[in-house]
Amino acid sequence: MLDYFQTSSDTLINATMEHALLTIQALGLALVLASLLTVSILRFPKWETVSVYTLSLLYAIPSFALFALLIPWTGLGQVTAISVLVLYAQYILVRTFLTGIQKVEPSIVEAARGMGMDFWQVLFQIQLPLAKASIFSGIRLATISIVAIATIAATINAGGLGTILFDGLRTMSLVKLTWGILLSVGLSLFFSLLISLVEILFEQPETA
């Protein structure tokens with residue numbers, strides 16, 4: 001294990017950095033899209049059933065199949081990988097965002113509207129703060145899912161830790177497989193910890 005790290009540290013570090021960057025790009029785009037979808041569903045509640053059902057069907061498609069479907073349009077590489085990761089994250093993010101917001105006590109929302117607050121004021125000042133735990137839980141779960149699925153992106157030349165894992169499978173190298181798994185798990189734990197720290201920072205103004 002240590003011998004392989006000493007001889008291939010550059011390869012391991014580069015693969016980890018590629019994987020982290022792929023995760024950050026996909027998560028950033030996924031959050032923007034999920035936020036837009038969530039707001040649209042809140043504005044037009046009739047869309048909720050169709051939207052969530054469509055996203056659940058999309059989430060059920062095997063990742064290899066989704067990569068194959070997009071390759072003719074977006075080609076091999078990170079564009080296809082990021083597109084697939086963003087699509088997969090939507091079900092988790094939109095579902096948890098909606099669940100958290102909809103669990104806010106209706107009487108609180110009605111009271112806010114009775115005070116003259118519009119849709120955006122109620123959303124940002126009442127619903128989002130109260131749904132914060134669910135929202136961050138969804139982001140954390142989506143991030144871990146992205147890190148895991150991103151390993152498969154190596155099959156379409158998107159780089160990342162999947163290159164180490166698949167090379168280990170091809171050469172039957174237990175050392176490469178172990179390093180690939182350990183670094184993938186470590187990256188998931190790192191992002192999970194980072195999201196937890198951000199959540200704590202958001203809580204500080206309330207406790208001051």
Side-chain angles (χ1 to χ4, degrees), residues 11-44 47-99 135 137-171 176-177 179-181 183-192 194-195:
T11 301
L12 293 174
I13 292 172
N14 288 336
T16 304
M17 294 302 293
E18 284 180 351
H19 207 97
L21 183 59
L22 195 64
T23 300
I24 292 170
Q25 290 174 324
L27 181 62
L29 292 173
L31 285 173
V32 172
L33 181 57
S35 298
L36 293 174
L37 287 173
T38 302
V39 170
S40 298
I41 293 171
L42 290 173
R43 293 283 284 182
F44 305 99
W47 293 4
E48 181 178 352
T49 302
V50 175
S51 299
V52 174
Y53 182 70
T54 302
L55 291 175
S56 65
L57 287 178
L58 190 63
Y59 190 73
I61 299 175
S63 53
F64 275 118
L66 199 51
F67 280 132
L69 288 172
L70 290 183
I71 285 174
W73 286 275
T74 54
L76 295 171
Q78 292 196 352
V79 173
T80 298
I82 292 172
S83 299
V84 171
L85 294 173
V86 169
L87 290 174
Y88 266 111
Q90 292 312 296
Y91 176 72
I92 298 173
L93 292 174
V94 173
R95 189 69 181 270
T96 53
F97 287 0
L98 284 175
T99 299
I135 290 171
S137 176
I139 294 173
R140 189 178 296 106
L141 183 59
T143 304
I144 294 172
S145 177
I146 288 173
V147 171
I149 298 173
T151 57
I152 303 174
T155 59
I156 59 168
N157 298 329
L161 291 169
T163 58
I164 307 296
L165 288 167
F166 284 108
D167 190 42
L169 286 173
R170 181 178 58 82
T171 60
K176 290 181 180 179
L177 285 171
W179 272 111
I181 293 170
L183 290 173
S184 297
V185 172
L187 204 57
S188 295
L189 293 174
F190 170 77
F191 280 118
S192 181
L194 190 61
I195 292 169

| field | Minimum heavy-atom distance Ala153-Ala81, with the two atoms named | value | CB-CB, 3.7 Å

| request: Working to the nearest 0.5 Å, report the span between CG of Leu69 and OG of Ser83. | output: 12.5 Å

| field | Validation row: Phe191, Ile146 side chains within 4.5 angstrom (heavy atoms) | value | no

| Heavy-atom distance under 4.5 Å between the side chains of Ile164 and Leu183, does that happen here? | no

| So do the side chains of Leu66 and Tyr59 get within less than 4.5 Å of each other, counting heavy atoms only? | no

| query | For atom CZ of Phe190, is the number of surrounding heavy atoms from other residues, nucleotides or ligands below 6.0 Å larger than 12? | reply | no

| task | Give, for atom CD1 of Ile144 and atom CD1 of Ile139, the distance between the pair rounded to the nearest 0.5 Å. | result | 12.5 Å

| field | Minimum heavy-atom distance between Thr163 and Ala15, given as atom pair plus value | value | OG1-CB, 4.2 Å

| message | So Leu42 and Leu98, do their side chains get closer than 4.5 Å, heavy atoms only? | response | yes

| note | Distance col, row Thr74:OG1 vs Ile156:CD1, nearest 0.5 angstrom, shows 7.0 Å

| Exam field: side chain Thr151 to backbone Val147, donor-acceptor pair closer than 3.5 Å | no

| said: Checking the side chain of Ser145 only, and the main-chain atoms of Leu141 only, is there a donor and an acceptor separated by less than 3.5 Å? | reply: no

| request: Kindly give the heavy-atom pair with the smallest separation between Ala89 and Ala142, and that separation in Å. | output: CB-CB, 4.4 Å

| remark: All heavy atoms of Lys176 vs all of Gly168, minimum pair found to be CB-CA, 3.8 Å

| request: Check for a donor-acceptor pair, side chain of Thr96 on one end and backbone N or O of Ile92 on the other, with a separation under 3.5 Å. | output: yes

| said: I'd like to know if the side chain of Thr80 reaches the main chain of Leu76, judged simply by a donor and an acceptor atom lying under 3.5 Å from each other, with no hydrogens or angles considered. | reply: no

| Side-chain heavy atoms of Val50 within contact of Thr54, under 4.5 Å | yes

| field | Leu177 side, atom CG; Asp167 side, atom CG - distance, nearest 0.5 Å | value | 9.0 Å

| message | Could you check whether any side-chain N or O of Ser192 sits under 3.5 Å from a backbone N or O of Ser188, counting only pairs where one atom can act as donor and the other as acceptor? | response | no

| request: Considering non-hydrogen atoms only, spot the tightest contact between Ile41 and Ser51 and give its length. | output: CD1-CB, 3.7 Å

| query | Is Glu18 reaching over with its side chain to a backbone N or O of Leu161, donor-acceptor style, under 3.5 angstrom? | reply | no

| field | Side-chain donor/acceptor of Tyr91 to backbone N/O of Leu58, under 3.5 Å | value | no

| query | Do you know which two heavy atoms are closest between Ser184 and Leu165, and how far apart they sit? | reply | OG-CD1, 4.3 Å

| request: Output the distance between atom OH (Tyr88) and atom CG (Leu85), rounded to the nearest 0.5 Å. | output: 9.5 Å

| message | Is there a side-chain contact between Arg95 and Leu55 in this structure, where contact means two heavy atoms from C-beta onward sitting under 4.5 Å apart? | response | no

| Can you tell me if Ser56 uses its side chain to pair, donor with acceptor, with the backbone of Tyr53 under 3.5 Å? | yes

| query | Run the side-chain contact (heavy atoms from CB on, under 4.5 Å) check on Phe64 and Val84 step by step: do they pass? | reply | CA-CA 10 Å; Phe64 275 118; Val84 171; over 6 Å; no

| request: Kindly compute the distance separating CG (Leu27) from CD1 (Ile24), expressed to the nearest 0.5 Å. | output: 8.5 Å

